[in-house]
Amino acid sequence: MRVYLFVLLFSFLYMPAKADVKFTDVTDGSGIEFRHFTGATGKRYMPETMGAGCAFLDYDADGNLDILLANGTNLTSENQAETPRLYRNVGDGRFIDVTEIAGLNVPMYGMGITAADYDNDTDIDIYFTNVGKNRLFRNNGNQTFTDVTDAAEVGDPSWSTSAAFFDADNDGWLDIFVCNYVEWTPETDIPCTVQRTTDNKRYRTYCTPTIYAGQSCRFYRNRGDGTFNDLTTQAGLYNPIGKSLGVTLLDYNRDGWIDLAVANDTEPNFLYKNNGDGTFTDEAVVMGVAFSENGKARGSMGIDAADVDNNGSIAIAIGNFSNEKTAFFYAKPGDIYFTDRTDNAQIGNVSYRLLTFGLLFFDCDLDGTLDLFCVNGHIEPEVQRYQQHTPYAQLPALFRNRSDGTFQDITKNAGFTRPGVGRGCAYGDYDNDGDLDILVQNNGATQDYGKTWLLRNDTEPTANYLRVRTIGTRSNRDGIGATIQVKSGNSLQQQTVRTGSSYCSQSEMTLTFGLGNNETIEKLEIQWPSGETDRYVELKANQLIEAIEGASQK
């Protein structure tokens, strides 16, 4: 027993110290002067409270991540003055508004953003999802964009939310998956009320989606000539019950074909298996991710998926309504289905009273394991009139991966002490120092909130890292769908190049692998969508490499 206790004490004393995770709000002084516009008129129209997304992207290919913010406009007036905003990173922690110069000053009631090189011409194009017609903007290569929605045939007029570019058939051209929500217009709006306990009077409130019919998601196949073909029904993706708010790309059966996990609000979630023949099959029920443990469909918003244990496992996290907990579905290699491990992972109690929209897996401290970040905020500004212990503005949540199957809530210690009405969130290394920073889009239903947060990662001491940007040749130009394994020391990490995830938002496509104290990468292996495999050995840490398909040592 004495020997055992001594070994435990020795291990504890000489265990590598965890870094002090810190994020600093640097929005003021960065040049980002943006407040989300909801178009609210007091009628409590549903879109007003659903917020919007954000994105880190390098639209001008100068090596600095720029910021794109979706924005609302007037829902009932022809005077539609508000537009999305594009901020160019000038390289010293400052951004300048280039929306008009870039040609993106187009009024739309914006919800989501996805961005990728759909035409394989080496620059990033942008797809906006809206309440109303979606819009595709082609990058002209000269820091301007052209609206090609009508020519490309991707202007879905529904209420769309999240979207993702991905190569469904591995033909080298990026297709588009679009989440659609409910059948709502100002003309068909249904007034909803709630009774206040203090005076027993009824007040107008935002409706739940249960009173509206759902709308099917859409799937557009890229023809390779700048146009797309709506193959939703033929692909097996037509399902009008969805009420979909989030989508993430994953390969849960590890067959080399990208699958889709979709978060649905008050309806069963979807898990679309890519059959490899142009069709998909929903396996959410049989795989255990459609419902909660007690068989209930939840109010699901944001979604992400990743290998959080570095063992080939897959975790799917889904942000849910208050009193429902953030879902954490998990499957290790060999499991035939997912299990709900929310409480086992120790994120259930913290998330129970939170209303979570955007969430994402990322390595906040570069220790080699992926952590979980969530943004939270209620949908009803007056919620405390009838739920005294439920605030409208809520703190974000940062869960640090303990590397033992559990997560630790480090929210306040990491500097997240200001509540917001969080909707979209994204990560990216905007200051090119190797660690991952965070962008948060807050809902602007009141003057107190609605401001975007740019949160710089100031974690100390800094750990080593490797950043990998993929460039496809046979595969799509961005390498979306490529899976990268990094072997360093005792760690074997795996990540996939993706768009989508979170809620209506997109993180940078460059992958960041935390290496802790390791200074060398023994092996890096890339499995491309085309089937090509590239291998690199003995790479030095603390660098960004551009991996071109077919150019490795093999």
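The shown structure was predicted, so the numbers you read here are calculated from the model rather than taken from an experiment.
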Item to check | Passing option when Phe373 is tested against Trp453, Tyr427, Phe416 for ring-ring contact (aromatic ring centres under 6.0 Å, His included) | outcome: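 Of the listed options, the one satisfying the test is Phe416.
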Under a plain distance cut-off of 3.5 Å, with no hydrogens placed, do [Y] and [X] share a side-chain donor-acceptor pair?
X: Asn134; Y: Tyr127; result: yes
X: Ser244; Y: Asn264; result: yes
X: Gln494; Y: Gln485; result: yes
X: Thr129; Y: Thr161; result: no
X: Glu549; Y: Ser530; result: yes
X: Thr114; Y: Gln506; result: yes
X: Gln234; Y: Arg221; result: no
X: Thr205; Y: Glu380; result: yes
X: Asn376; Y: Thr356; result: yes

Quick test of your reading of the model: are [X] and [Y] salt-bridged, counting only N-O distances below 4.0 Å?
X: Asp343; Y: Lys325; value: yes
X: Asp429; Y: Arg467; value: yes
X: Arg298; Y: Glu324; value: no
X: Lys43; Y: Asp189; value: no

Item to check | Intermediate values then yes/no, ring-ring contact (aromatic ring centres under 6.0 Å, His included), Phe280 and Phe177 | outcome: CA-CA 12 Å; Phe280 293 78; Phe177 181 86; 7.9 Å; no
Checklist entry - Would you say Lys332 has more than 12 foreign heavy atoms packed within less than 6.0 Å of its NZ? => result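 No.
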Next on the checklist: Show, in sequence, the C-alpha distance, side-chain angles and deciding distance for Leu511 and Thr470, and conclude whether the side chain to side chain contact (heavy atoms under 4.5 Å, CB included) test is met.
Outcome noted: CA-CA 9 Å; Leu511 299 183; Thr470 51; over 6 Å; no
Checklist entry - With respect to the side-chain SG atoms, do Cys192 and Cys207 come within less than 2.5 Å? => result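 The sulfur gammas are closer than 2.5 Å, so yes.
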Checklist entry - Is a side-chain donor or acceptor of Asn130 paired with a backbone partner of Gly132 at a separation under 3.5 angstrom? => result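 Such a contact is absent between Asn130 side chain and Gly132 backbone.
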Next on the checklist: When you measure from the side chain of Thr49 to the backbone of Met46, do you find a donor-acceptor pair of N or O atoms at a distance under 3.5 Å?
Outcome noted: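 It does not hold such a pair.
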Item to check | Tyr252-Phe329 aromatic ring centre distance below 6.0 Å | outcome: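 Distance test on ring centres: not under 6.0 Å, no.
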Checklist entry - Should the pair Arg423 and Phe357 be classed as cation-pi, given the thresholds of under 6.0 Å to the six-membered ring centre and 45° from the axis? => result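 Pair Arg423/Phe357 counts as cation-pi.
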Checklist entry - Between Leu57 and Ile126, does a side chain to side chain contact (heavy atoms under 4.5 Å, CB included) hold up when you go through it step by step? => result CA-CA 10 Å; Leu57 75 169; Ile126 301 169; 4.1 Å; yes
Item to check | side chain to side chain contact (heavy atoms under 4.5 Å, CB included) between Thr281 and Asn275, intermediate numbers included | outcome: CA-CA 7 Å; Thr281 301; Asn275 298 317; 3.1 Å; yes
